[in-house]
Amino acid sequence: MHLLPFAWLVLGCVFCFCQAAPTNDDDFVSYSEFQVWKITTRSNEENKLVLQMIRHYGFEAWKDSDAISAPIGVLIPPPFLEEMKLKLAATNISYEVEISDLQTAINDENASVNVSAITTKMAHKMDWTSYHRLDDIYGYLKYLADTYPKLVRLIDIGTSYEDRPLYVVRISNSSSPDTQPAVWIDAGIHAREWISPAVATYILHQLVEEPTNVGLLLNVDWYIMPIMNPDGYEYTHMKNRLWRKTRSKTSSKKCRGVDANRNFGYQWGGAGSSRDPCAIKFRGANAFSEPETLATSNFITEKSKQIKLYLTLHSFGQVFLLPWGHSVTYPSDYDEMKSLAKNATSKFKRYKYRVGNLAAVLYRASGNSADWAKSIGIDYSYTVELPAKDFLLPASRILPVSQDFFPALEVFAAKVATLKVTYSFPA
Ligand SMILES: *[C@@H]1O[C@H](CO)[C@@H](O)[C@H](O)[C@H]1NC(C)=O
Ligand SMILES: *[C@@H]1O[C@H](CO)[C@@H](O)[C@H](O)[C@H]1NC(C)=O
Ligand SMILES: *[C@@H]1O[C@H](CO)[C@@H](O)[C@H](O)[C@H]1NC(C)=O
Ligand SMILES: *[C@@H]1O[C@H](CO)[C@@H](O)[C@H](O)[C@H]1NC(C)=O
Ligand SMILES: *[C@@H]1O[C@H](CO)[C@@H](O)[C@H](O)[C@H]1NC(C)=O
Ligand SMILES: [Zn+2]
């Protein structure tokens with residue numbers, strides 16, 4: 001999620017195991033013997049009790065609906081398994097072990113594909129049957145720009161905290177690009193939500209390399225940023241699969257990183273964000289403290305007359321979320337935004353998505369990117385939680401999720417094509 005890392009409800013996570021710095025930040029974090037439980041409560045009392053336990057231990061938890069009966073997913077470190085088992089038994093609350101060893105699930109996530117069969121003959125290493133490192137993804141962006149120079153431009157918009165380039169891909173078949181209305185799509189704000197960049201690169205592939213999709217380029221430009229947080233992304237591959245934040249140093253010696261989706265400069269610092277550098281939802285020392293959010297927001301601002309629709313991809317939850325997220329309030333054109341989202345989600349065949357107000361459906365999330373985009377006048381602004389069962393999504397699901405999602409873009413492109421660019425030419 002955008003909000004939460006992967007999921008939904010990080011319940012007042014005072015001290016989150018998964019994001020707490022290990023003794024040495026460069027150590028590999030193993031989730032060996034960590035378990036994911038689904039706890040189902042039958043009453044308000046039971047629900048409260050479980051939430052209390054979660055808060056007490058500082059476990060990371062998430063939930064996919066506000067209904068009391070919806071199971072609560074909880075990540076439990078090995079030393080607490082026995083204790084939790086006893087506590088739940090004592091209160092007669094039922095649970096199910098969904099993942100019995102998280103590290104094994106992590107190791108199994110990237111199916112071993114026959115790479116040599118697929119890619120040796122190709123000029124890039126990208127496919128949608130496995131999760132790729134940043135080099136493969138950036139290599140694919142360069143390949144697209146080199147191979148389709150009339151359609152694709154790779155725009156370097158800045159560098160990350162650890163000096164990795166930040167790339168936006170522009171796709172335009174106009175003889176005068178930058179004058180058409182445009183769709184913006186970003187992914188990978190939250191490092192561990194691997195399905196999000198995978199879907200973004202799939203969208204790039206479809207728009208650029210699949211001739212049957214030319215209609216989507218008619219009168220519409222596309223700006224796609226497949227990885228907004230490359231440092232975090234690489235860190236999830238090398239050190240800690242469940243890392244969510246950026247990798248910047250903070251005022252705390254032992255905790256790094258800012259939740260980039262709490263770092264945008266609209267209603268920054270409000271509910272649903274934390275001032276604690278060790279918290280998973282740490283908002284940063286100030287709005288746009290992170291080079292990643294600063295560069296992204298500068299670029300979007302520059303193109304804000306052109307960009308008519310803002311889409312940010314997260315996981316998980318199967319939900320389309322509308323502003324505002326800083327509080328349960330609704331923009332005056334909420335019904336119009338919702339109507340478009342409903343039309344888009346009606347294209348999904350395999351995975352059904354809910355549509356609703358971010359703060360109402362999930363939780364409050366001040367400083368999130370979609371609120372900010374809306375605030376600068378991008379009327380259609382959405383946060384998407386892609387499907388997944390929990391933190392991890394086997395690589396074999398990348399294609400089904402991507403293929404199911406893509407047709408929604410037809411609805412967005414058709415709408416955006418009808419909107420006028422209020423472009424003020426330099427005097
Ligand atoms: C515990 O819950 C089960 C149903 O899940 C119920 O049949 C049983 O009576 C309960 N026991 C106690 C002691 O509440
Ligand atoms: C991978 O594909 C190549 C070429 O098709 C084949 O020769 C090889 O046996 C395959 N390897 C595996 C492990 O399937
Ligand atoms: C997943 O597999 C791809 C090759 O298909 C490889 O490039 C990548 O590094 C692997 N990722 C992980 C996390 O193992
Ligand atoms: C791009 O536009 C030209 C005409 O300007 C058209 O012939 C061509 O089919 C278009 N290509 C795509 C991919 O839209
Ligand atoms: C959604 O689709 C309906 C039926 O085609 C249409 O009347 C409505 O205008 C669409 N909503 C938006 C916001 O485009
Ligand atoms: Zn997220």
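First listed ligand is number 1; within each ligand, the first listed atom is number 1. None of these values were measured; they are calculated from a predicted model. Residues take their numbers from the sequence shown, with the count starting at 1.
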* Output the set of protein residues with a heavy-atom contact under 4.0 Å to ligand 5, ordered first by chain identifier and then by residue number. => Glu336, Ser339, Leu340, Asn343, Lys415
* Asked: With ring centroids as reference points, do Phe264 and Tyr266 lie under 6.0 angstrom apart?
  -> no
* **Contacts of type salt bridge (Lys or Arg N to Asp or Glu O under 4.0 Å), residue Glu98, not counting sequence neighbours** => Lys38
* To do: With sequence neighbours left out, write down each residue that passes salt bridge (Lys or Arg N to Asp or Glu O under 4.0 Å) with Lys142, or none if nothing qualifies.
  => none
Do the ring planes of [X] and [Y] sit parallel (below 30°), tilted (30 to 60°) or perpendicular (above 60°)?
X      : Y      : value
Tyr95  : Trp37  : parallel
Tyr143 : His124 : tilted
Phe59  : Tyr57  : parallel
Phe299 : Tyr223 : perpendicular

Which atoms of ligand 3 have any heavy atom of [X] under 4.0 Å away?
X      : result
Trp194 : 13 (C)
Asp136 : 7 (O)
His237 : 13 (C)

[X] versus ligand 3: do any nitrogen or oxygen atoms come within less than 3.5 Å of each other?
X      : value
Asn110 : yes
Tyr131 : yes
Arg133 : no

* To do: Taking Asn173 for its side chain and Leu151 for its backbone only, find out whether a donor-acceptor pair lies under 3.5 Å.
  => no
* Residue part near ligand 3, for Thr129, under 4.0 Å between non-hydrogen atoms -> neither
* Structure fact -> Note: Lys125, heavy atoms under 4.0 Å from ligand 3, region reported as neither
* Can you tell me how far CD1 of Ile189 sits from CG of Asp259, rounded to the nearest 0.5 angstrom? -> 8.5 Å
* Structure fact -> The complete set of side chain to side chain donor-acceptor pair (under 3.5 Å) pairs with one or both residues in residues 151-161, sequence neighbours excluded, reads Ser160-Asp231
